[in-house]
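Below is one structure, written out as structure tokens; comments come after it.
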Amino acid sequence: MPSRRPVRPHRGRPTPRPPTDSMQDALLKALESAVSNLGVPAGEIRLERPKDADHGDFTTNVAMTLARPLGRSPRDIAQDIRSALDGVSGLSRVEVAGPGFLNFYLDADTVGDVLRRIRKRGDEYGRSDVGHGAAIMVEFVSANPTGPLHLGHGRQAALGDGIAALLEWTGWVVHREFYFNDAGKQMEKLAHSIWVRYQQALGEEASLPDDAYQGAYIQELADSFRAEHGDGFRGDDSAEVLRKMERHAVAVLRAEQVRDLEGFGVHFDEWFRESSLYDDGRVDATVEALGATGLTYEEDGALWLKTTEFGDQKDRVMRKSDGSATYFLPDVAYHLTKWERGFTHVINVQGSDHHGTVDRVRAGLQALGKPPGYPEYVLHQMVTVERGGQEVRFSKRAGSYATMGELVEQVGVDVARYFFLMRRPEAHLSFDLDVALDQSDKNPVYKVQYAHARMCSIFARAAEAGILATNAEADPSLLTDGAERELLNQLAEFPELVERAARDRAPHVVCDYLERTAGMVNSWYHGGNPSRNPELAVLVDDPALRAARLALADGIRIVLRNGLGLLGVSSPERMDRRVDE
RNA sequence: GUCCCCGUAGCUCAGGUGGAUAGAGCGACUGCCUCCUAAGCAGUAGGCCGCAGGUUCGAGUCCUGCCGGGGACACCA
């Protein structure tokens, strides 16, 4: 492994509203006032950062949106707005461009002001308070205790934790919860599978039914049970013995799951057991409550709920004719506890194969008076692993699928987390091992980490040269190079980007941002190679320019570190090549 | 059959609330470096954004219909 100082993601602290980009605010105000003089109610004015640096530091399409209500040409309106913006300080010029965009160009010092904001806030830069400290629950992973965590769980762990971190960064107080089904049929199946392997180990005739758990881990569980409890259960399939085996299996498997998750840097605030819903009578209470709504009926000996009343495709069985509950019932009971525990905001992260349950759980909750969209769902697609362009299955242990632990062992936590996050949840994720194991800039994780390490190395070098860097009062208006200016705007965008990523529950947006930023950083850094362009190096002779560039390097370092930390990825100060292949 | 997701460069994927010339990485190709600051650097090529309609001043983005891929449709979880 590269030697690295692990940087814990900053978590759990709601922060006050940060000092915003005052230029952005001032410009928006000036625009609002200019537009209000045009005689039509303006909707929300959007001040955007153009993707093309030639289009200024900010841009707006407001003139175009006003063209229809005003019955005038967009460019004409833009001209009017433009002339009303004289005297906004920090603004060097305004251009009307294209079909009617207003492009704003700022003074170098105003653009550079972002460095003061970043360095003032440090580790907190990028945090905001749109959540106002409200409580929100993210439920994720929620694997059954019937086997090891597989790749899909890995993606879900990264995704749920990433969404949780994004919410924390935007001012929510987040509760991470893991729900596991330790009741019902699959538990019996698990116990029976182990029982069969146990009997076989003792030389008894026994065979696994087709629907039993097959993986090699079942054999291991049978072995460890035998080691712990001995050989005294030959041919004994009493409920008591099966229960013993079940308890043993659940304990072992859960411990393994916890170990995998902890090793992955994912920690839960609460592990919620399905069986507890039966133990404390919540399942029965839910049946009663639903019955009281008048939306239930009996048919074929089963008890149904009219979920179609709330948009479900068909009505659902709550209690089977044999008297036992379907999973639907504890699911509703479980979500009621979420509400009752004060979580009126809940996000469930699940595999898209569960999408069929969304409508019915919501319907059950709606029948009991909860709001229609409760809870919110983020459904993600599957993960496949590829190497050399071929799909690989490298698990010896789990049978047909690869485990999360094996993958993390191969590629490391940073790479695994990043790769799981870098695609939109609803897109298939193809995990390319060739790229994941590459340690150059080709690997997006390393690319970003290298960019961070490069900035750190500048400070190390400056320290060697006896240059005091961080306390220098830098004048950012000296950063006039195109690459520098672009970087400044890129850094300024970070807080807005975190807000958007949180709002959209989309950690991949952060990955995308970090890779773009790292690309700019690496190019800026290489451009200042002392043997080629000594005048573009950070550590130039001119003390003022040097201080300004060091401030930029510092700003970059902070933003990359904050961004990586948010994703649960470390920010090493130096990268040492791993040779232990 | 019904419902959900996806379809963007050879491959893997980004593309805010509809805006300017559709981007990145890998791969390919062309230069350069072997000095230095990091296991390279700089650049080029590559696109009917699945197809067809529609809405709009403007559509990869919104609507409808088709085609293709994946998933879900139990008194299983």
Side-chain angles (χ1 to χ4, degrees), chain A residues 43-44 46 48-52 54-55 59-61 64-65 67-68 73-74 97-101 103 144 146 181 183-187 189 211 274 299-304 312-314 316-328 330-331 351-359 379-382 386 389 422-432 434-435 438-444 446-447 449-451 453-455 457-458 460-461 496-497 500-501 503-504 506 508-509 511-513 515-516 519 522-523 525-532 534 537-539 574-577:
Chain A
E44 194 194 344
R46 281 161 50 190
E48 299 181 340
R49 296 180 187 277
K51 5 180 201 195
D52 187 339
D54 289 342
H55 295 150
T59 185
T60 183
N61 67 348
M64 275 136 75
T65 66
R68 177 176 286 271
S73 90
F101 292 103
N103 293 340
N144 290 342
T146 53
N181 304 93
K185 259 203 181 125
Q186 80 280 1
M187 286 295 101
K189 213 161 81 181
D211 65 339
E274 180 192 9
E299 196 176 290
D300 303 330
L303 186 63
W304 298 68
D312 198 4
Q313 287 198 300
K314 50 181 288 194
R316 304 293 168 178
V317 171
M318 297 162 51
R319 199 172 52 210
K320 300 179 236 174
S321 48
D322 68 3
S324 68
T326 61
Y327 69 93
F328 167 57
D331 267 4
S352 62
D353 54 335
H354 285 75
H355 95 264
T357 69
V358 172
D359 281 346
L379 302 179
H380 66 87
Q381 293 280 347
M382 315 175 31
E386 282 185 20
M422 69 185 180
R423 305 300 181 211
R424 332 201 319 276
E426 58 270 25
H428 287 264
L429 176 66
S430 154
F431 200 113
D432 188 335
D434 295 321
V435 178
D438 186 291
Q439 292 179 55
S440 73
D441 279 11
K442 286 178 192 171
N443 184 329
Y446 285 99
K447 175 178 168 179
Q449 290 183 328
Y450 270 124
R454 283 172 182 132
M455 296 303 101
S457 84
I458 292 175
R461 214 159 275 272
E496 304 156 30
L497 183 116
R500 179 160 68 85
R503 185 199 62 208
D504 296 343
H508 76 278
V509 164
C511 296
D512 195 54
Y513 171 86
E515 281 168 61
R516 279 197 337 262
N522 291 335
S523 162
Y525 177 77
H526 290 303
N529 188 316
S531 68
R532 256 175 260 144
V538 172
L539 300 176
R574 44 176 298 136
M575 302 285 285
D576 294 330
R577 181 161 217 175

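Every chain is numbered from 1 and lettered A, B, ... according to where its sequence line falls, protein lines coming before strand lines.
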Original post:
So, is Lys314(A) close to the rC73(B) phosphate, meaning a side-chain N or O under 4.0 Å from OP1 or OP2?
Top reply: no

**OP:** List for me each residue that meets ring pair (Phe, Tyr, Trp, His ring centres under 6.0 Å) alongside Phe328(A), sequence neighbours excluded, and say none if there are none.
**Re:** none

**OP:** Confirm from the modelled atom types if Thr59(A) and rA20(B) form a donor-acceptor pair under 3.5 Å, side chain to base only.
**Re:** yes

Subject >> Closest-nucleotide ordering on RNA chain B, the 5'-leading residue of Arg503(A) and Ala325(A) >> reply: Arg503(A)

Subject >> Donor-acceptor pair present, Asn529(A) side chain and rC36(B) base, under 3.5 Å >> reply: yes

**OP:** Let me have a per-nucleotide readout for nucleotides 4-13 of chain B, 5' to 3', with B, S or -, counting only protein heavy atoms under 4.0 Å.
**Re:** SSS-----BS

Original post:
Is there a donor and acceptor pair, one atom on the side chain of Tyr450(A) and one on the base of rA39(B), closer than 3.5 Å?
Top reply: yes

Subject >> Identified stems (criterion: three or more consecutive Watson-Crick or G-U pairs, under 3.5 Å), RNA chain B >> reply: B:1-7 with B:67-73, B:10-13 with B:23-26, B:28-32 with B:40-44, B:50-54 with B:62-66

Original post:
Taking N and O atoms by type only, does the side chain of Asn103(A) place a donor or acceptor under 3.5 Å from a partner on the base of rA20(B)?
Top reply: yes

Original post:
If each of Arg316(A) and Leu497(A) is mapped to the nucleotide of RNA chain B with the nearest heavy atom, which maps nearer the 5' terminus, i.e. the 5' end?
Top reply: Leu497(A)

Subject >> Sugar-phosphate only, base, or nothing, as touched by His55(A) at under 4.0 Å among non-hydrogen atoms >> reply: base

Original post:
Met64(A) and Gly100(A): which non-hydrogen atoms are nearest, and at how many Å?
Top reply: SD-C, 3.6 Å

